[in-house]
There are 2 protein chains.
Amino acid sequence: MSEELKYWYLRDHKLFWTLSMSQIKQLCIIVGYKKAKKGDIIYFSSSDVPRIFLLKKGNIKIVEIDEDGNETIKDIIQKGDLFGELTLENDKNSNEYAKALTDEVAICSFLMSDFENLMLQNPNLALTYTKFVGLKMKRIKNNYSNLMSKDAKTRLFTFIKEWAEKEGKKDGNKVTIENYLTQADIAQIIGTSRQTATQLLNEMEENQLIFYTRKEILIDDITKL
Amino acid sequence: MSEELKYWYLRDHKLFWTLSMSQIKQLCIIVGYKKAKKGDIIYFSSSDVPRIFLLKKGNIKIVEIDEDGNETIKDIIQKGDLFGELTLENDKNSNEYAKALTDEVAICSFLMSDFENLMLQNPNLALTYTKFVGLKMKRIKNNYSNLMSKDAKTRLFTFIKEWAEKEGKKDGNKVTIENYLTQADIAQIIGTSRQTATQLLNEMEENQLIFYTRKEILIDDITKL
DNA sequence: CCGCCATTGTAAACTAGCCGACAAATGTTG
DNA sequence: CAACATTTGTCGGCTAGTTTACAATGGCGG
């Protein structure tokens with residue numbers, strides 16, 4: 001890949017707007033530029049050197065396996081999102097990995113230490129990054145506090161609404177979402193069993209609120225959710 | 001309060017170790033130095049100017065009220081913790097306030113904008129703060145993912161263990177925690193009803209694992225939890 | 001186009017934990 | 001100390017949601 005191209009791969013992310021070309025080069029970008037296909041396991045957080053990753057294309061889920069072998073979805077990462085050791089601390093005893101959800105996935109990465117150095121030289125970057133992490137924290141907090149206090153149906157509605165807002169193609173009150181999640185995935189995200197999720201989705205379909213297929217989800221009228 | 005004293009109030013927090021006295025003065029510290037008593041409501045996040053707060057003494061809980069009037073505990077803040085708009089973004093539509101849990105509570109605060117300026121001048125501060133926020137995010141993430149997948153008993157055990165580690169006075173395997181929470185508070189934190197929490201605590205007491213009083217919690221052998 | 005595997009659909013039995021409703025105990029205040 | 005408020009204890013009944021188990025469907029590779 002040409003140097004020029006590498007540059008633009010990062011350059012088009014908001015976070016790096018303030019950086020000069022030479023600064024971006026400092027990040028030794030795209031050493032780990034990687035492609036993957038649906039279902040592939042992409043990376044273990046306990047890898048060699050701490051890195052920060054940037055998803056350029058597709059969608060992935062971050063999954064953790066606990067002692068009992070249960071899979072928990074920690075996060076869904078979309079095109080343009082950063083992931084990895086966002087805390088700037090590497091944490092070895094976490095058991096996380098990423099799994100591709102869409103057919104084509106492209107990821108580039110840079111070293112955490114390079115990024116830290118750059119932050120020391122460019123306080124504006126540090127500020128932007130902090131706000132970035134802060135925003136992510138706020139989103140997580142909100143999500144989870146919904147999960148705690150509401151019942152499964154409300155959680156599903158909230159999730160679909162948020163998903164539609166973030167990624168849906170709007171046409172008046174109709175929204176189309178490209179569906180790269182299985183019902184089992186959705187169930188895990190909203191913290192319920194697969195069966196309950198299926199039931200609720202079908203119930204929504206009966207009430208003409210949504211139309212679910214494996215490829216896409218059609219929402220007839222987003223305001224009714 | 002003397003300038004000297006103000007200085008030390010911030011100076012003894014890790015985050016500010018790298019700052020010079022004059023830099024700390026820039027923060028116009030302790031404009032909002034405040035004391036409060038148990039049960040007092042201390043601050044609404046939708047206050048005039050965005051601030052960051054530092055709890056110097058006592059314990060408080062951050063609470064949110066939703067549309068239906070339900071109280072949710074968002075966070076428990078301990079001596080030395082920062083709270084407020086840590087994300088560096090002010091967010092007006094959140095309905096949070098803080099409530100004193102201990103008899104004496106002391107808080108000092110500074111303006112977010114002053115802090116931002118200081119970060120721009122002092123990249124090291126920026127880096128430290130970013131790690132700080134990141135760490136907080138990681139803690140929240142872990143807490144919540146426990147809440148999702150485990151049952152009430154496990155959640156209570158995990159909570160007590162963490163509490164003991166963070167604040168307990170250890171004596172071999174015995175740990176004493178100063179108890180500033182009611183059982184209703186604990187129930188909210190672990191996401192269950194007050195009655196269930198009471199039942200589980202009594203069960204633990206029957207099994208000689210803990211001894212609960214309103215003043216303190218004694219753990220006979222922390223390794224057995 | 002066939003067979004296979006992942007995904008989705010459905011139903012019955014079971015259960016953790018919620019809710020309502022008090023009673024008892026402990027603290028607090030004048 | 002008396003009266004009141006807050007916190008803790010306890011008990012059924014109830015229900016949302018889990019679990020188990022299996023059937024139907026759809027999509028992909030050969």
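Lettering of chains follows the sequences in order, A, B, ..., and the numbering in each one begins at 1.
- Pairs of residues two or more places apart, or lying in two chains, that qualify as salt bridge (charged side-chain N to carboxylate O under 4.0 Å, His left out) and include a residue from residues 173-188 of chain A are A:Lys61-A:Asp185, A:Lys174-A:Asp220.
- Rounded to whole Å, the distance from CG on B:Asp151 to P on D:dT18 is 13 Å.
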When you compare the protein's N or O atoms with those of nucleotides 3-13 of chain D, which come within less than 3.5 Å of each other, and at what distance?
{"from": "D:dT7", "atom 1": "O2", "to": "B:Arg214", "atom 2": "NH2", "distance (Å)": "3.3"}
{"from": "D:dT8", "atom 1": "OP1", "to": "B:Tyr212", "atom 2": "OH", "distance (Å)": "3.0"}
{"from": "D:dT8", "atom 1": "OP2", "to": "B:Gln183", "atom 2": "N", "distance (Å)": "2.7"}
{"from": "D:dG9", "atom 1": "OP1", "to": "B:Asn202", "atom 2": "OD1", "distance (Å)": "3.2"}
{"from": "D:dG9", "atom 1": "OP2", "to": "B:Gln183", "atom 2": "OE1", "distance (Å)": "3.2"}
{"from": "D:dG9", "atom 1": "OP2", "to": "B:Gln183", "atom 2": "NE2", "distance (Å)": "2.9"}
{"from": "D:dG9", "atom 1": "OP2", "to": "B:Asn202", "atom 2": "OD1", "distance (Å)": "3.4"}
{"from": "D:dG9", "atom 1": "N7", "to": "B:Arg194", "atom 2": "NH2", "distance (Å)": "2.6"}
{"from": "D:dG9", "atom 1": "O6", "to": "B:Arg194", "atom 2": "NH1", "distance (Å)": "3.4"}
{"from": "D:dG9", "atom 1": "O6", "to": "B:Arg194", "atom 2": "NH2", "distance (Å)": "3.4"}
{"from": "D:dT10", "atom 1": "OP2", "to": "B:Asn202", "atom 2": "ND2", "distance (Å)": "3.3"}

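- Under the salt bridge (charged side-chain N to carboxylate O under 4.0 Å, His left out) rule, B:Glu104 has a single partner from B:Lys38, B:Lys57, B:Lys37, which is B:Lys57.
- Atom-to-atom distance recorded for B:Asp103:CG and B:Asn59:CG is 11.0 Å, nearest 0.5 angstrom.
- C:dT7 atom P lies 12 Å from atom CD of A:Gln188, rounded to whole Å.
- In this structure, A:Lys38 atom NZ and D:dG27 atom P are separated by 11 Å, rounded to whole Å.
- Here the P atom of nucleotide D:dT18 and the NZ atom of B:Lys150 are 16 Å apart, to the nearest Å.
- The interatomic distance linking A:Leu200 (CG) with C:dT10 (C1') rounds to 14 Å, in whole Å.
- The pair A:Asp75-A:Lys136 counts as a salt bridge, with a side-chain nitrogen and a carboxylate oxygen less than 4.0 angstrom apart.
- Proximity of B:Thr196 to the phosphate of C:dG17: no side-chain N or O atom is located under 4.0 Å from OP1 or OP2.
- Mapped onto DNA chain D by nearest heavy atom, A:Lys215 and A:Ser193 fall at different nucleotides, with A:Ser193 at the one closer to the 5' end.
- What separates CD of B:Glu203 from C1' of C:dG17 is a distance of 13 Å, to the nearest Å.
- Screening residues 195-213 of chain B for salt bridge (charged side-chain N to carboxylate O under 4.0 Å, His left out) gives B:Lys153-B:Glu203 as the qualifying pairs, with residues at least two apart or on separate chains.
- Put simply, CD on A:Glu216 is 12 Å from P on D:dG27, counting in whole angstrom units.
- Among A:Phe115, A:Phe110, A:Phe83, the single residue meeting the ring pair (Phe, Tyr, Trp, His ring centres under 6.0 Å) criterion with A:Phe53 is A:Phe83.
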